[in-house]
Each structure stands twice: as structure tokens, then as C-alpha cells.
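Presented below is the structure to which this report refers.
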Amino acid sequence: MSDQDAAFVKTITPRSKDFSRWYTDVIRRAELADYSPVKGSMVIRPYGYAIWELMQQALDRRIKETGHVNAYFPLFIPESLLKKEAAHVEGFAPEVAWVTHGGDEQLEERLVVRPTSEAIIGTMYSKWIQSWRDLPLLINQWANVVRWEKVTRLFLRTTEFLWQEGHTVHETEEEAQEETLKMLGVYQDFTETELAMPVLKGLKTESEKFAGALRTYSIEALMGDGRALQAGTSHNLGQNFAKVFDISFQGRDKTMQYGWQTSWGVTTRLIGGLIMIHGDDSGLILPPRVAPYQVVMVPIPRGDWRATVLPHAERIKGELEALGIRVTLDDREEHSPGWKYAEWELRGVPLRLEIGPRDVKSEQVMLVRRDTRDKLPVPMDGLGSYIDDLLRTIQNALFEKAVAFRDEHTLRTTDRAEFNEHFEGRPGYVVSPWCGSADCEAEIKTATQATIRNLPLDPAPASGNCIQCGKLGEVDAYFAKSY
RNA sequence: CGGGGCGUGGCUCAGCCUGGUAGAGCACUCCGUUCGGGACGGAGGGGUCGGAGGUUCAAAUCCUCUCGCCCCGACCA
């Protein structure tokens, strides 16, 4: 172990030694989030929130480009509304927070703090939709929701979290299905392009689908420890909610019909995914597109550096900013350059720019990539466009690396012994034939802790007989241990 | 919700077994020298030991209850 590695051990647990602790250490040391006094709740600190804001911008743009508009619905939902859809209540009842009092007075009807907004939105949609001309109705909201979880993890599962939830109503079943898949595709484009997080699009099994949905689709991402993370979901709600909330309209054929709905969401959990998919023993590695700072400049304070080095640094900073590159100049005098290197690596800044007297003299700077640690001298002339290109290269490299990792950790097998053996650890995905029975799914989970993450969208015929019961296989399912 | 572990300056932890009134390293403040991979010297500030109750002349230390965090399982974004 090198000296520098030894120094890191003091601050964060190595990833290979204890992935969970590493994860928590990175979040706290990089100042992404902190525990709050309320159990299961966390504070998203400025650096973590800046990442979320970048994600929001990138996703919000896509949501709007596909014709949706933003609105805001209330936090509180009357108990009676939540209870209207039977499967929905049943799914969420164990984890809702109740408001029973206003001041000292007990409320006539209890309110739930939204765990999701189908009920309140459905109620409003019922009032807003009269005619086929009111459709499609395409609304998204950015909000917080509360789910009273028993076990919580920073970002991955907290009592309160931030998300975006789209709620749409369509004239026909086909349109709703098209919308469901369209938004799943938007999520894939978003996570892969912005987060450099390759995902698997697919259909959730009956036992894993959203409470009240007809069908649930998901994108799943493989984390660095071989566990899968559900990174986003898109639901075709059919007419389930439309019927109980009376979302009906007069159709083109003059008959009254129920609307066909979808809902879809991604959450701050994605930040957790970002950490776990790219990070290393030195800390966070952020894809440039969602890095609050894409470049950190570290001047080497030698001699009269404020007069000789700093002006060059500031000039370069201005040039980079003019190109739209997010850059910070760390000219603090209380820390040595070495200290700053370690600190900004921990915080995942994609590119470090070192500039000292030697560089000024030779009209160059030192660039160091966070992902590969490659160190290269680059002339000041044309530096901006060079960095611009390099950031793109880093973004792509992170994605390719994650794809390679996923492929290396995907096993296809029709052999149950091999299947079991693989799930003794956390191997990633195992793709195996499944007969479609919930019993088999449950038995596999009991035996191996692995669940079906999802099923391919355009399934080829199964590669063999069901890995559990040996009967005719219906489809090859993606199994994994998950978060 | 079950099993296990842990709560002592901001952080990591020692002290607890065998009660006697709190300590180290890092961090922080000031001064000086430094600075191309977590610098060095000197001088300082900061905790009543997660919380409540009990035992005792005396509790960080023993007992009871309680809260929180972490890990592993059952449920979920």
C-alpha cells in the first residue's frame, strides 16, 4: 500500500473491505448529506443538493421536451381518498405517516402525508377532465414524499425523500402504454447520458409491481458491490385509479369512458446510485455532467505566487467559465496542495488543474483525471476546448467502464447449481429461464435472496426450463440481489 | 420488526471489567516557516461521557428503562 493510500484509510473505509461503511463514509466525508435529529431522515447538504439540482435540470428538460408540464399538488391527503383504491392502500398503509391534529384540535378526518400522489392527483383530474379534448393530460411534479421505513440508508431509503412524479391520463389503452414506455426510455437516456449509469429496462413481475398498477416497468442499475438498484419506475395504471376516482370523459364516439393513466418517478436515490456505481477507495467519482465542479484549480503557492501564479489561474478560470465549464479555484492558504488533491478527489471532481511557477514559465498546466488518475501537461493555448473535450471523454469513459463491469457481472445459466453458487456472494445479474409463476419467484428468493429485477421488454423465447420448477420456461429473467 | 454491534470534545477512539470527578490522535484558533500527493514548530480554545431514573459518601464506569446509529435478515424508490 502506498503512502497516499494509507492516508485515505484514516478517513474512509476501503470499498473492498466494507462496501456499506465505505458508502456511508463517502457521503459524510464528501459532505453530500448528514443525519438529522429525526430518525431515518437526512439533511442533503449543499454539495449533495447541487448534484440533485443538476439532475433535476437535465431530467426536467427531458420531461418538458416530451410535452409534460410541471404543477404542484398538496402534501396532505385525506384518509378517505387514499383508501379508495384497494390495492393501493394495502400497499402503502404500513408506511404512511398520519396527521391527526391541527394545533390542539383533533382532525375530523385523519390526513396522510403523501407516500405518492395518485390519490390526490386522481381526485383533481376527475374535476379537470370532461372530454376527449382534455386529453392527454401530461403533468409532472417535483416534490417530497414520506414513507415510514423501518430500515433506512442515506439516499437509498430515507423516511422523507425528494422525487419527481409524472401523472398522465390518456384516451386509449394504447396511448397509455406508449407513454409508460416512452418515459421509461426517457429515464434510460437520462441515467445513461447524464449519470453515466447503464440501466436495464424491463417489466417488473406481478409481485414487484406498484400497488394499484396494471404493469410496472423499471430501470435497474448494477452497483459496484454486485447488487442491483431500482433506479426508476414507470407504471401503466390502466383504469384502476380512473374508476375509483371517476376520471371519465366523453369520447370521440360520444360515450362516457374512463381515462387510461400512467405514473412514473425517479428519486434522490439516484445520488446513492451515482456514488455506488462510480466511486472508489479515494471517494466519489462524479460524471462531469452532474458534477457541481467539473474542474478544480489548485495553484502551487511558491514564492510570490499571488503575483506570479494566481493571475494566470484567474484568467484561465474566466476562460473556462466562458465556455460554460463549472470550475472552482481553491486558493486557500491554510491547506497544502497535496491536501487539496486528496480532498477534491474525495469529493469526486472529474478534473484537477494544477498550476505553479513551472507551468507559468512553460505556458502549460497539469491536468489530472479523477477516474484514471492520468496526469498530463497541457499548453495554456487552447486549454478551454481541450478541457471541454476531456470532460466529454471522462463522461464516456465512466459509462463504458460501468457497462463493462455490468457485462462482466452478468451470468447466463440454465443450471440451478451454478445459479445458487453464484448467489452465495453478490455476483451481479444472473439471467435464467423462469416459468412465470410467483411461487417459483418466491422460492428462489427464500433460497438465494435474489429477486427478479425485471423481464426483458422484447423477450426472446426462454433459453431452457424454469430454473426453479423445471417446467417449461416462459422467459429469461434478470435475477439479482438488490437494494 | 427479529439477530448482532456501537453511542465519551467537530471526527476516530482509549478509559468502563477491578467506581474516586475525563484523555490521545486528527480537526479548530493564533504566530512563524512551508506548499508539485493529506507540511512542521510553538502557543491556545473546546467535552460532564446519547437521554432519564436508580444504587453509592462518590458513577463515563454498576443496575433499569429509553432514544439514536451501523451491520445481517423479513418489507419498500
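Just so we're on the same page: letters track the sequence lines, and every chain starts at 1. Reckoned from all heavy atoms, side chains included, excluding hydrogens, waters and symmetry mates.
Within the nucleic acid shown, Leu156(A) comes within 4.0 Å of at least one base atom, counting heavy atoms only.
Picking from A77(B), G38(B), C1(B) the nucleotide with the shortest atom distance to the side chain of Lys150(A) gives C1(B).
Using a 4.0 Å cut-off between a side-chain N of Lys or Arg and a carboxylate O of Asp or Glu, Asp331(A) and Lys340(A) do not qualify as a salt bridge.
Judged as a salt bridge (charged side-chain N to carboxylate O under 4.0 Å, His left out), and not counting sequence neighbours, the contacts of Lys209(A) are Glu206(A). Residues forming a salt bridge (charged side-chain N to carboxylate O under 4.0 Å, His left out) with Lys39(A) (at least two apart in sequence, or on another chain): none.
When the P atom of A77(B) is taken as reference, atom CD of Glu208(A) falls 8 Å away, rounded to whole Å. The distance from atom CG of Asp18(A) to atom C1' of C71(B) is 8 Å, rounded to the nearest whole Å. Protein atom CD of Glu149(A) is 17 Å distant from nucleotide atom C1' of C69(B), rounded to whole Å. The distance between atom CZ of Arg302(A) and atom P of A39(B), rounded to the nearest whole Å, is 14 Å. If you take CE of Met42(A) and C1' of A77(B), they are 12 Å apart, rounded to a whole angstrom.
G20(B) and C57(B) make up a base pair, with Watson-Crick or G-U wobble contacts both under 3.5 Å.
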Donor-acceptor contacts, no H, no angles, side chain residues 149-157 of chain A, under 3.5 Å, sequence neighbours left out:
none

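Counting only residues at least two apart or in different chains, ring pair (Phe, Tyr, Trp, His ring centres under 6.0 Å) contacts with residues 267-298 of chain A comprise Tyr293(A)-Trp344(A). Residue pairs satisfying the side chain to side chain donor-acceptor pair (under 3.5 Å) criterion with at least one member in residues 184-198 of chain A, sequence neighbours excluded, are listed as follows: Arg62(A)-Asp189(A), Arg62(A)-Glu194(A), Gln164(A)-Tyr187(A), Gln188(A)-Glu192(A), Gln188(A)-Lys201(A), Asp189(A)-Thr193(A), Glu194(A)-Arg289(A). Listed by first then second residue, pairs satisfying side chain to side chain donor-acceptor pair (under 3.5 Å) with a partner in residues 302-311 of chain A read Arg306(A)-Glu333(A), not counting sequence neighbours. Within the structure, ring pair (Phe, Tyr, Trp, His ring centres under 6.0 Å) pairs that include any residue of residues 203-236 of chain A comprise His88(A)-Phe210(A), Phe92(A)-Phe210(A), Phe210(A)-His235(A) (at least two apart or interchain).
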Exercise for the section: Spell out protein contact along nucleotides 2-9 of chain B as letters: B when the base is contacted, S when just the sugar-phosphate is, - when no protein heavy atom is under 4.0 Å; keep the 5' to 3' order. Expected result: --------
Sub-3.5 Å pairs of nitrogen or oxygen atoms, protein against nucleotides 26-30 of chain B:
none

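Along RNA chain B, the nucleotide nearest to Arg28(A) and the one nearest to Trp163(A) differ in position, and the one closer to the 5' end is contacted by Arg28(A).
Looking at Arg370(A), its side chain does come within 3.5 Å of a backbone N or O of Leu284(A) through a donor-acceptor pair.
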